[in-house]
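See structure below.
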There are 2 protein chains.
Amino acid sequence: MTSEESFTEPEVNPSHPPATPRTSHPVTMREVAEGAGVSVATVSLVVNNKKDARIGAGTRKRVLDTIRELGYRPNALAKNLVSGSSRFIGLVADAIATTPFAGQIIHGAQDEAWKHGFVLLVANTEGNEPAEKDAISMMLEHKVRGILYSTWFHRPAEIPTALHETDFVLVNCFSPDSDALAVVPDEVHGGREATDILVRKGHRRIAFINATIPAPAKDGRLQGYREALESAGIAFDPNLVFDAFPDQEGGYGAVEELLKRDVTAVFCYNDRMAMGLYDGLKQRGLSIPEDMAVVGFDNQEVIAAHMRPPLSTVALPHYELGAAGVRLLLGVDEPAGGNVVKIECPPVERDSVGTNILTGPQLRWSSTT
Amino acid sequence: MTSEESFTEPEVNPSHPPATPRTSHPVTMREVAEGAGVSVATVSLVVNNKKDARIGAGTRKRVLDTIRELGYRPNALAKNLVSGSSRFIGLVADAIATTPFAGQIIHGAQDEAWKHGFVLLVANTEGNEPAEKDAISMMLEHKVRGILYSTWFHRPAEIPTALHETDFVLVNCFSPDSDALAVVPDEVHGGREATDILVRKGHRRIAFINATIPAPAKDGRLQGYREALESAGIAFDPNLVFDAFPDQEGGYGAVEELLKRDVTAVFCYNDRMAMGLYDGLKQRGLSIPEDMAVVGFDNQEVIAAHMRPPLSTVALPHYELGAAGVRLLLGVDEPAGGNVVKIECPPVERDSVGTNILTGPQLRWSSTT
DNA sequence: TCAATCTGCTAAAACGCTTGATCAAAAATG
DNA sequence: CATTTTTGATCAAGCGTTTTAGCAGATTGA
């Protein structure tokens, strides 16, 4: 919808192919009306099953039959035009595909939108400014009900000005200096959950390998880690926390540092890091979880569920982020307290954390923990 | 768009929220016309920069200024209505998120659609029949230019009847008993490429661990493997081909069988299998690629690029699939020969295949191969 | 100088649908 | 039986555009 359609760049005209429809003319309401021997108004009333419309049983049937016979389909475009607003929700993403994550956001948004009778209009911008502007323009021109502006990783974001022309909510990002509605994962809670998995199994000396790069996740997860330790009455030892690049290589490289620290368990900033860590650990003949219990973060399905042993981790709630975004946009959910709603990161326990190291394989964690 | 909107189920009426637009009235063309002291027709001509319209420079400027001033945006709904067809392309997917793959299809389709001035309308059906029907209905009602029907793994598919009401192309799937347009990965070519990576490095005894489950990929990759061997003058040894479940566990479990076969290299049905295989190999103290060269298939980014060593593999061209689907739909590409167009699977060489085992590290493969 | 042509712009019909106002006939009421 | 109410359905205006036909005035040609 860049050029021909828009008055912003009248000079460009890359002659898009005409949006030629199929050959045969689509059946209209008028044709149905004629076929059934009634007025279009009547057809409309029947089609929409208007509650307070008075249509005789016979007429109704005749109309319905004709509809079936002719294969009539309402024209949503016309419908939208008269109603003044469409049933579209726009989703603009900075990376639709770079990561499986974005997919889940789309998925959640799509499902939820659908549930409320809305349809998703997607656009990805690859983080590129003009593309973003075009995408938003196009959505505004289609009179979307609102726009979900999403990023593929949790971060602060600048709000494109055009967004203000409609309702919008930020998904997986937030605006530090505005009170825009936003949905983000609850990193602190996630960090707590991850650490708790370990704590519940009796671990006391738990390392946390944080990311080297600044992000809300970095601060949040660390805080969660600290909170979990505190609730468990374990003193925070800054020496057990260090940074590594948040990918496989980083995890692999962190093993040496980790082993210096004499811990029984480690909480990795993310699953990829854990994956690399596995390699390093195994290479040294150490086994998981016996020699080292490991938990990750993100629950990247392809990885986490299929490592050896399968990785305990905490899930980034991307699906929920998308869904909650839509609910917020439509006003189905009220943003309880503040304009940023945080979605919990549920723990996903697999086998990289063994049985309770204190009580052994028999007992599950006691109720006193 | 299930109920209220559709005459199919007049009884249901779950009172969707009204599609209430923002508060302030959007600026229309009429208002611009009044503001600029011209007719709507003139505004229209200016906005669309109609080539053969005769508009005075002064008037044009006045209109443009008013547009800017008022913040006018064309209403795509109205535009579409009069033109009789929208600039939407529908994408219905059976799994938008279960896999990172689907994301790439969307991405490719989106980019390509955009390039031609079209917008993507997405719906995921989770393979569920009624959802699929609803999705297609909704798209037809929005008078989409056409529909891309995509599956998350390459397979035969049944064409929902409603699809025939518009132009459509199958993406990543095909219809065995119809001449519907389809775009699929070229599995045979992929199998050949994968095997060639190994052959080029001098490997002669190359195992192929195929999938246990039937699929076009299973047959195609095997054929590609055989073709590659043949071109290299290597006799096909059925004993070097066996099956395993196509995931990490399957790969891990296949190691024993593999080692019985006295091969120097193995081509795994997919990356996940290769990932498990790595584990099994390492556990036995074998190293990659020295003791065993490995190539995978799929190029699952999260996995392949970050294993130790990084995995050589062949990429499933999901992005291209989506893009080619759109081109086919719009008639930009002609389906050369047959109704199923096959997209190549490009090899991605990383480190799981070493240097030439015959000539050593110095020489690259000679031109005589 | 008068017709022919061109220039700049507008009127108005359409696109397919919704909906409030109407209206005739049938049914209920007194 | 006359009047009111209800029932069943239609009229027509309008949603925001595009586009064809056309009109007045200016310019040109002969």
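Predicted model, so just to flag it, every value in this text is computed and none were measured. Values reported hereafter were calculated over all heavy atoms of this structure, with side chains retained and with hydrogens, waters and symmetry mates removed. Labels below follow one simple rule: chain letters A, B, ... track the order of the sequence lines, proteins then strands, and each chain is numbered from 1.
- Taking the salt bridge (charged side-chain N to carboxylate O under 4.0 Å, His left out) definition, one finds that A/E69 meets it with nothing, sequence neighbours left out.
- What separates CD1 of A/I67 from C1' of C/dC17 is a distance of 13 Å, to the nearest Å.
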What string of B, S and - do you get for nucleotides 17-24 of chain D 5' to 3' if you count protein non-hydrogen atoms under 4.0 Å?
-> BBB--B--

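- Legend: residues meeting side chain to side chain donor-acceptor pair (under 3.5 Å) with A/S137, ordered by chain and number and at least two apart, are B/R73.
- The distance between atom CG of B/L81 and atom C1' of D/dC15, rounded to the nearest whole Å, is 9 Å.
- When each of B/V46, B/T66, B/V43, B/V32 is paired with B/V38, the side chain to side chain contact (heavy atoms under 4.5 Å, CB included) condition holds for B/V43 and for no other.
- Rounded to whole angstrom, the span from the CG atom of A/D52 across to the P atom of D/dT7 amounts to 12 Å.
- To the nearest angstrom, P of C/dC15 lies 11 Å from CD of A/E31.
- Every side-chain contact (heavy atoms from CB on, under 4.5 Å) that B/N339 has, sequence neighbours left out, goes to B/D179, B/L181.
- Using a 4.0 Å heavy-atom criterion, one finds that B/I55 contacts the sugar-phosphate atoms exclusively.
- Note: CG (A/L140) to P (D/dG16) measures 16 Å, nearest angstrom.
- Annotation: side chain to side chain donor-acceptor pair (under 3.5 Å) contacts of B/R62 (sequence neighbours excluded): none.
- Taking the side-chain contact (heavy atoms from CB on, under 4.5 Å) definition, one finds that B/L321 meets it with B/V171, B/N172, B/V183, B/P185, B/P317, B/H318, B/I343, sequence neighbours left out.
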